[in-house]
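Written out below as C-alpha cells is the structure these notes cover.
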Amino acid sequence: MTHKAVVVISGGMDSSVLLHFMRHQHPTYEIHGISFAYGQRHAKELDFAKLQCDQVGASWQPVMLPFIRDLFADSHSSLVTDDDVPEGHYAESNMKATVVPNRNMIMMAIAAGYAVSIKARILSTGVHAGDHFIYPDCRPEFFDLLDRAVYAGNQGFIDASFELKRPFIHKTKADIAEMGIKLGVDFSQTWSCYKGGDLHCGRCGTCVERIEAIQTAGARIQEGMSAKGQYVDPTMYEDPDFWKEALKRETVEK
Ligand SMILES: [Zn+2]
C-alpha cells in the first residue's frame with residue numbers, strides 16, 4: 001500500500017523547502033499539496049505552489065477562503081492594500097499588521113480533514129521558529145495541542161501512525177534556506193513578497209526576512225569553499241539592497 005502525506009504549501013520559500021524535504025524523506029509516498037487563498041495577494045503565491053507540487057510529482061489542491069477577508073477585515077489590518085504593507089525587518093512590531101487572527105487553526109483544521117479523508121499518514125507544515133515571535137498560532141505549544149486535537153477528533157478514522165509533522169518548528173529561516181539550497185530548491189520559483197508586483201519588492205517584511213535568510217545560508221555553505229562555489233540567490237528583487245539598511249536600522253533601534 002502506498003502511504004500518503006499532505007503538505008501545506010503556500011508557494012513561499014519555507015513551505016516549498018518543506019515539500020522538497022518531504023519528497024526527499026519519503027521518496028515512495030504519494031504527496032498531496034494543499035494551498036489556501038484568502039485574498040488577492042496570495043493569488044500569485046498559488047501559482048508557485050502548484051509549480052512546486054509539479055516539480056516533486058505531488059498533486060495540488062487549492063482551497064479558497066474568501067470569508068476570511070469578509071469576517072476578519074475589521075479585527076486586524078491584515079488585509080491591507082499593497083500601499084499599506086509595512087516595510088522593514090519582520091521582527092519590527094509594525095509587522096503585526098500582517099497577522100490574520102486564528103489563521104493556522106482554520107487552515108490546519110481543513111488540511112487535517114483532507115488528510116484524514118484520504119487516509120494520509122502525515123500532515124506537514126513549514127511553520128518555523130522565526131514565526132513564533134509575532135504569530136501565537138505558530139508556536140510549538142499550539143502545534144502540540146493541535147496534534148492531540150486532530151487525533152482525538154478523528155479516532156477510529158485516522159491512520160494509527162498519523163503524525164502532524166512540523167520539522168522546522170525549532171529551525172530558523174536561515175536553516176530552512178540552507179536546507180533548500182542543499183536540496184536544490186530553485187528559490188526563484190517560490191514567492192514570498194507581500195506586494196503583488198512582477199518581481200519581489202525587496203522592501204516588505206517577508207522580502208527582507210527572505211533575503212537575509214538566503215544570504216545567511218549562502219554564506220554558511222560557502223565557508224570553506226572556493227569563490228567559485230559562492231551561492232547566488234536566483235530571485236530577482238526590485239530593490240536588492242534595502243534589506244541591509246533594514247537590518248542596520250533594527251540593530252540601532254535595539
Ligand atoms: Zn516584498
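Just follow the structure's listing: the first ligand is 1, and inside any ligand the first atom is 1.
Annotation: ring pair (Phe, Tyr, Trp, His ring centres under 6.0 Å) contacts involving residues 196-222, sequence neighbours excluded, comprise W191-H200, H200-Y237.
For the ring pair (Phe, Tyr, Trp, His ring centres under 6.0 Å) test, residues two or more places apart in sequence or in another chain that qualify with H26 are Y29.
A salt bridge does not link D137 with R103: none of the charged nitrogens is closer than 4.0 Å to a carboxylate oxygen. One finds a salt bridge joining K244 and D241 here, because a Lys/Arg side-chain nitrogen approaches an Asp/Glu carboxylate oxygen to under 4.0 Å. A salt bridge links R220 with D175; the closest basic N to acidic carboxylate O contact falls under 4.0 Å.
Within the protein, the N, O or S atoms lying under 2.8 Å from the Zn ion (ligand 1) are C193 SG, C201 SG, C204 SG, C207 SG.
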For residues 146-158, which side-chain N or O atoms pair as donor and acceptor with protein atoms under 3.5 Å away, sequence neighbours left out?
from: D147; atom 1: OD2; to: R166; atom 2: NH1; distance (Å): 3.3
from: N154; atom 1: ND2; to: V150; atom 2: O; distance (Å): 2.7

